[in-house]
A.B. asks: 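I'd like to ask some things about the structure below.
Any value given below was found using the heavy atoms of this structure, including those in side chains, with hydrogens, waters and symmetry copies removed.
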Amino acid sequence: MTTLQTQIPDQLLQQAQYLVQQGWVANMDELIAESMRRYLESHREAMTEQFIREDVEWGLHGAG
């Protein structure tokens, strides 16, 4: 496991704390991990395309 330190808007934190208090998730760590997982899954195709474009660009023109 890795520990992250970040800054988020107060309103977003309040919404997250409410979800924890209401029992939607066990704790803030679980909420953040699940949120990151869903974000990454929903953007996987776009990220893969970008990585491929960068690899092709590097292959054609080098790292310079």
A.B. asks: Hey, what do you get for CE (Met36) to CG (Leu4), rounding to the nearest 0.5 Å?
C.D. replies: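 Here the rounded value is 6.0 Å.
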A.B. asks: Inspect the surroundings of CD in Gln11 and state if more than 12 heavy atoms from other residues, nucleotides or ligands are less than 6.0 Å away.
C.D. replies: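 No.
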A.B. asks: Return yes when atom CD of Glu45 has more than 12 non-hydrogen atoms of other residues, nucleotides or ligands closer than 6.0 Å, and no otherwise.
C.D. replies: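 Check fails, neighbour count at 12 or below.
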A.B. asks: Can you give me the closest heavy-atom contact between Val20 and Ala26, atom names plus distance?
C.D. replies: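 So the minimum-distance heavy-atom pair works out to CG1-O, 4.1 Å.
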A.B. asks: Is any side-chain heavy atom of Met28 closer than 4.5 Å to a side-chain heavy atom of Leu13?
C.D. replies: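 Touching, per the 4.5 Å side-chain cut-off.
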A.B. asks: Please identify each residue that fulfils side-chain contact (heavy atoms from CB on, under 4.5 Å) with Thr48, with sequence neighbours left out.
C.D. replies: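 Per chain and number, Thr48 pairs via side-chain contact (heavy atoms from CB on, under 4.5 Å) with Arg44, Ile52.
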A.B. asks: Grouping I, L, V, M, F, W and Y whenever their side-chain heavy atoms are under 4.5 Å apart, do Val25 and Tyr18 come out in a common cluster?
C.D. replies: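 No; Tyr18 is not reachable from Val25 via cluster members.
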A.B. asks: Can you tell me how far CD1 of Ile8 sits from CD of Gln14, rounded to the nearest 0.5 angstrom?
C.D. replies: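 If I round to the nearest 0.5 Å, the distance is 10.0 Å.
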A.B. asks: Can a salt bridge be assigned to the pair Arg38 and Glu41 using a cut-off of 4.0 Å between side-chain N and carboxylate O?
C.D. replies: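 No.
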A.B. asks: Answer yes or no: are there more than 12 heavy-atom neighbours, outside Asn27 itself, under 6.0 Å from its atom CG?
C.D. replies: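 Yes.
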A.B. asks: So how far is it from Gln17 CD to Leu12 CG, rounded to the nearest 0.5 Å?
C.D. replies: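 So the CD of Gln17 and the CG of Leu12 are separated by 10.0 Å.
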